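Because the structure is a prediction, the values reported are computed rather than measured. Lettering follows sequence order; numbering is per chain, from 1.
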There are 2 protein chains.
Amino acid sequence: MTILPTDLSSVDIPDATVARLPVYLRTLAAFADRKISTCSSLELAEAAGVNPAKLRKDLSHLGSYGVRGVGYEVEYLRYQIAQAIGQTQNRNVLIAGVGHLGQALAGYRGFTTRGFTVAGLVDADSARIGTVVEGLTVHDIADINDVVDAQSISIAVITTPAEAAQRVVDGLVTAGVTSILNFAPTLLSVPEHVDVRKVDMSIELQILAYHQQRRTKVVDA
Amino acid sequence: MTILPTDLSSVDIPDATVARLPVYLRTLAAFADRKISTCSSLELAEAAGVNPAKLRKDLSHLGSYGVRGVGYEVEYLRYQIAQAIGQTQNRNVLIAGVGHLGQALAGYRGFTTRGFTVAGLVDADSARIGTVVEGLTVHDIADINDVVDAQSISIAVITTPAEAAQRVVDGLVTAGVTSILNFAPTLLSVPEHVDVRKVDMSIELQILAYHQQRRTKVVDA
DNA sequence: CCTTGTGAAGCTGTTCACAGCC
DNA sequence: GGCTGTGAACAGCTTCACAAGG
């Protein structure tokens, strides 16, 4: 397969843009629900909470899907963005750690509508292994390899305690998983080709606390 | 109160740095647990997963707390960072929405060690109101004003369904809350002086999916 | 001699402002 | 006329490389 210079699907979209495309997609879905068939960059940007120039520049990385003087066709743009971020195919997700957080994610409806299927649950606690959560049997984390294979897992979510996370990730990497979303508050070491993203609840609170402290300090001055 | 130009507590720390300071703090805590009393920028940076030059520049925004040729004293640096991000005082947190996610956060031990106390739980579901979760009684979301006042809430976490989020936030803003962590997948509109941070699980998965798709595309080429 | 602290360079992302086009 | 697409200016962050200093 040869990629032509004009093939936009091969150029890499800036990270900041990639992070916003799902927001636009969600906003467009809301427009479609409200039977809005066309919108301007201003309308879409306001509903998505971004600057209109930024929205247009973001979209320009995918191609030229608007009409000057008119705006964007909602369904068409929706399709193009979905295409660009690869939301056209379903992906099976494994959740490692079936505590409250794992269960919250297992039952989250928002995943399904974005092309993700929670297809595997594993845990280390023998009291949880074998139980059924959200229609799925919880498997032993020791069998992680089998679960990844059997369910063709492409993304894993770590919701184990921090101490267990690295061990679980090592198992996932061995099993061939290359995309990991980490909720455990610890640094994971993985090979070059594995992509890890981190969500850290306390850090978010700490950032809010810093800004709050700063606001009150400024008032003092 | 007058702030002198030399008072570093008044200069604003770059956002990117603020987001990493909690990571350094956590890394230093791990060092302290292992009885390490001194460390170089290289050691700390590696354990925290950042470039050493970035670490040093980050720390330089707080002041000059290292010793050339030697490194940093773990406990001293820990104290200085905690001071800078305002982790010296406790903050009471309210969780709005006591589903699985809300319960996961209510029971999360990591908050306590970082100076956050979950001091209030509210929900709209009458089946949940009055029940006790993690030692706290769940209150009616309609009484949010009273809960915020009685518990001196300074930060609120939204773990309600997306449809309810804006209504809840309006109530919180009226009650005087100025820092909000939003887990609901929706854009919140708040007055200027209110600080909102957003955590969106599906967007994280969508970003991972994009990179995964891209990796396989490149292999094709 | 060793490691910090920091100017300077380079890179990424944002915003402006307008040319291009329907 | 009006809105998109984009070069150019700008702002912020990262990294380098080295002077400063224990």
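Applying the ring pair (Phe, Tyr, Trp, His ring centres under 6.0 Å) test to pairs two or more places apart or on separate chains, those with a residue in residues 86-119 of chain A are A:His100-B:His100, A:Tyr108-A:Phe111.
Chain A approaches DNA chain C over the interval C:dG13 to C:dC22, counting the first and last nucleotide 5' to 3' with an atom under 4.0 Å from its heavy atoms.
For DNA chain D, the residues of residues 30-58 of chain A within the heavy-atom distance limit of 4.0 Å (strictly under) are A:Ser40, A:Ser41, A:Arg56, A:Lys57, sorted by number. Heavy-atom distances under 4.0 Å link DNA chain D to B:Pro14, B:Asp15, B:Ala16, B:Arg20 of residues 14-25 of chain B, given in residue order.
Under the side chain to side chain contact (heavy atoms under 4.5 Å, CB included) criterion, A:Arg167 pairs with A:Ala164, not counting sequence neighbours. Shown here are the side chain to side chain donor-acceptor pair (under 3.5 Å) partners of B:Asn51, two or more places apart in sequence or in another chain: there are none. In this structure B:Glu73 satisfies the side chain to side chain donor-acceptor pair (under 3.5 Å) test with no other residue, sequence neighbours excluded. Not counting sequence neighbours, the partners of B:Gln166 by the side chain to side chain donor-acceptor pair (under 3.5 Å) test are B:Asp170. Qualifying side chain to side chain contact (heavy atoms under 4.5 Å, CB included) partners for B:Thr178, counting only residues two or more places apart in sequence or in other chains: A:Gln212, A:Arg215, B:His193. Scanning for ring pair (Phe, Tyr, Trp, His ring centres under 6.0 Å) contacts around A:His211 gives an empty result, with sequence neighbours left out.
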Show me the donor-acceptor pairs, under 3.5 Å and distance only, between side chains in residues 32-40 of chain B and residues at least two apart or in other chains.
unit_1	atom_1	unit_2	atom_2	d
B:Ser40	OG	B:Leu42	N	3.4
B:Ser40	OG	B:Glu43	N	3.2

Under 3.5 Å, sequence neighbours excluded: what are the donor-acceptor pairs made by side chains of residues 182-192 of chain A?
unit_1	atom_1	unit_2	atom_2	d
A:Asn182	OD1	A:Ala184	N	2.8
A:Asn182	ND2	A:Ala184	O	3.1
A:Asn182	ND2	A:Thr186	O	3.2

